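Note sheet for the following structure.
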Amino acid sequence: QLRDNKEEEERQAMEEMIRRMEEANQHTKREHISTLENVDEDEKNKKLLYPKQIKKNKIIYNSSELEAIARIDGVLVEKSFQKLKSNLTSNNLPEGITCLLYGEPGTGKTATVYELARKHKRAVFKVEISETKSMWYGESQKLVKKIFTDYYEAKEKEKRCPILLFNEADAIIGKRKVGGNASTSETENAIQNILLEELENFKGILFATSNLVMNLDTAFERRFLFKVKYARPSLQNAAAIWKIKLPNITNEEAMELATNYPFSGGEIDNIVRKYIMENVLHGERPSFEAIISFCNQEKWEASTMGNKIGY
């Protein structure tokens, strides 16, 4: 009997040891998988901005902008995008969707791209123009080629086609330089030639934003399927933006600000930031008079009038 009890205890001990070993192996396996997933995610995040990382942004458009953006919005619906791509290809037409958003600074061009990406669950591959400007001759061309190579690689890994964003693209799609520093002009013209070639055969979704459309090279004009001009918000839209950004002001005050200060959305954001700072620093909401003061300080002309810089 004693021997049987001892054997039973040994058997149970062995089973317990095996169970713990299996649990330990499962835990190690889960940690390993988790580590691999985190490494993959880190690698992705270096190049792409994902929809979940983009905050929802209510953008108020002027009527002409709204019509154009609504058309692009429809194209980016996944089912429509796939159908359109198939039809364009079958008709021997370029399948890429290329859009140029141009106009005054702070009017919502970049914000539009991010909001469309968030809405349609598309990652954004953002290009910093400065990265294409290498101090070494010949390197800039390689960097531009690499942008498209990296984009296509990312596109293959994503469930939905990501958006390639050239933000403030004036520096690379501006009019070609003639004269001046010969090597610099030659390099920048070579960059443009590569871009023109890539856009001609582009397969994906590309947005470029520009503040200085009059400076754009005409060779790029036909490469963009959609061209949307942004203007400062209309009076009614500006009042609506003021009211959304500063909900504590009255409708009359919002209209007064819109009438007296024809700001872009970006400039209105500057006022809102000052409003929030004052609120945090002093523990109370700034008065309407304080908001007026912020507005008066926003424009350089207003604060430096009569104090010209020069010799």
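These figures come from a predicted structure and were not determined experimentally.
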Problem set entry | Listed once per pair and sorted, the salt bridge (Lys or Arg N to Asp or Glu O under 4.0 Å) pairs that draw on residues 84-102, sequence neighbours left out |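 For residues 84-102: none.
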
Problem set entry | salt bridge (Lys or Arg N to Asp or Glu O under 4.0 Å) contacts touching residues 243-259 (sequence neighbours left out) |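 Output for this query lists Lys245-Asp269.
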
Do [X] and [Y] belong to the same hydrophobic cluster, where Ile, Leu, Val, Met, Phe, Trp and Tyr are linked whenever their side-chain heavy atoms lie under 4.5 Å apart, directly or via other members?
X: Ile59; Y: Val272; value: no
X: Ile191; Y: Leu196; value: yes
X: Leu235; Y: Phe263; value: no
X: Leu100; Y: Ile194; value: yes
X: Met277; Y: Tyr275; value: no

I want to check something: taking the side chain as every heavy atom from C-beta on, are [X] and [Y] in contact at a cut-off of under 4.5 Å?
X: Asn248; Y: Phe288; value: no
X: Phe207; Y: Thr110; value: no
X: Leu84; Y: Leu88; value: yes
X: Cys99; Y: Val228; value: no
X: Glu200; Y: Arg222; value: yes
X: Phe125; Y: Ile163; value: no
X: Lys227; Y: Tyr102; value: yes
X: Leu246; Y: Ile249; value: yes

Working to the nearest 0.5 Å, report the span between [atom1] of [X] and [atom2] of [Y].
X: Ile271; Y: Cys295; atom1: CD1; atom2: SG; answer: 4.5 Å
X: Phe81; Y: Ser86; atom1: CZ; atom2: OG; answer: 11.5 Å
X: Ile291; Y: Glu278; atom1: CD1; atom2: CD; answer: 10.5 Å
X: Lys126; Y: Phe166; atom1: NZ; atom2: CZ; answer: 13.0 Å
X: Phe148; Y: Leu199; atom1: CZ; atom2: CG; answer: 5.5 Å
X: Lys229; Y: Ser210; atom1: NZ; atom2: OG; answer: 12.0 Å

Test your reading of the model: is there a side-chain donor-acceptor pair from [X] to the backbone of [Y], 3.5 Å cut-off?
X: Thr259; Y: Met255; result: yes
X: Thr98; Y: Leu206; result: no
X: Ser90; Y: Asn87; result: yes
X: Gln53; Y: Tyr50; result: yes
X: Lys155; Y: Lys203; result: yes
X: Asn62; Y: Ser234; result: yes
X: His120; Y: Asp73; result: yes

For this session: With side chain to side chain contact (heavy atoms under 4.5 Å, CB included) as the test, would you mind laying out the steps for Leu195 and Val144 before giving the verdict?
Result: CA-CA 8 Å; Leu195 275 173; Val144 173; 4.2 Å; yes

Heavy-atom closest contact ([X] atom, [Y] atom, distance):
X: Ser264; Y: Pro233; result: CA-CD, 4.1 Å
X: Ala238; Y: Ile268; result: O-CD1, 4.5 Å
X: Ala258; Y: Ala239; result: CB-N, 3.5 Å

Problem set entry | side chain to side chain contact (heavy atoms under 4.5 Å, CB included) between Leu66 and Ile60, worked out | CA-CA 8 Å; Leu66 183 61; Ile60 296 179; over 6 Å; no

Exercise. Angle class for the Tyr151/Phe202 ring planes (parallel below 30°, perpendicular above 60°, tilted otherwise)?
Worked result: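 Correct class here is parallel.
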
Are [X] and [Y] within salt-bridge range, i.e. N to O under 4.0 Å?
X: Glu198; Y: Arg223; result: no
X: Glu115; Y: Lys58; result: no
X: Arg122; Y: Glu158; result: no

Within 6.0 angstrom of [X] [atom1], more than 12 heavy atoms from elsewhere:
X: Arg285; atom1: CZ; answer: no
X: Glu67; atom1: CD; answer: no
X: Lys274; atom1: NZ; answer: yes

When you compare the side chains of [X] and [Y], does any donor N or O come within less than 3.5 Å of an acceptor on the partner?
X: Lys109; Y: Asn167; value: no
X: Asp170; Y: Asn211; value: no
X: Tyr61; Y: Thr112; value: yes

Exercise. Who are the side-chain hydrogen bond (donor to acceptor under 3.5 Å, both in side chains) partners of Arg232, not counting sequence neighbours?
Worked result: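 With neighbours one apart ignored, the set is Glu104, Glu267.
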
Exercise. Does the side chain to side chain contact (heavy atoms under 4.5 Å, CB included) test come out yes or no for Leu93 and Thr89, once each step is laid out?
Worked result: CA-CA 6 Å; Leu93 292 169; Thr89 303; over 6 Å; no

Exercise. Given the rule in the side-chain hydrogen bond (donor to acceptor under 3.5 Å, both in side chains) test, do Glu153 and Thr149 qualify, once you have shown the distances and angles that lead to the verdict?
Worked result: CA-CA 6 Å; Glu153 287 179 358; Thr149 301; over 6 Å; no

For this session: List the steps, then state whether side chain to side chain contact (heavy atoms under 4.5 Å, CB included) holds for Leu49 with Ile54.
Result: CA-CA 8 Å; Leu49 180 67; Ile54 302 172; 3.8 Å; yes

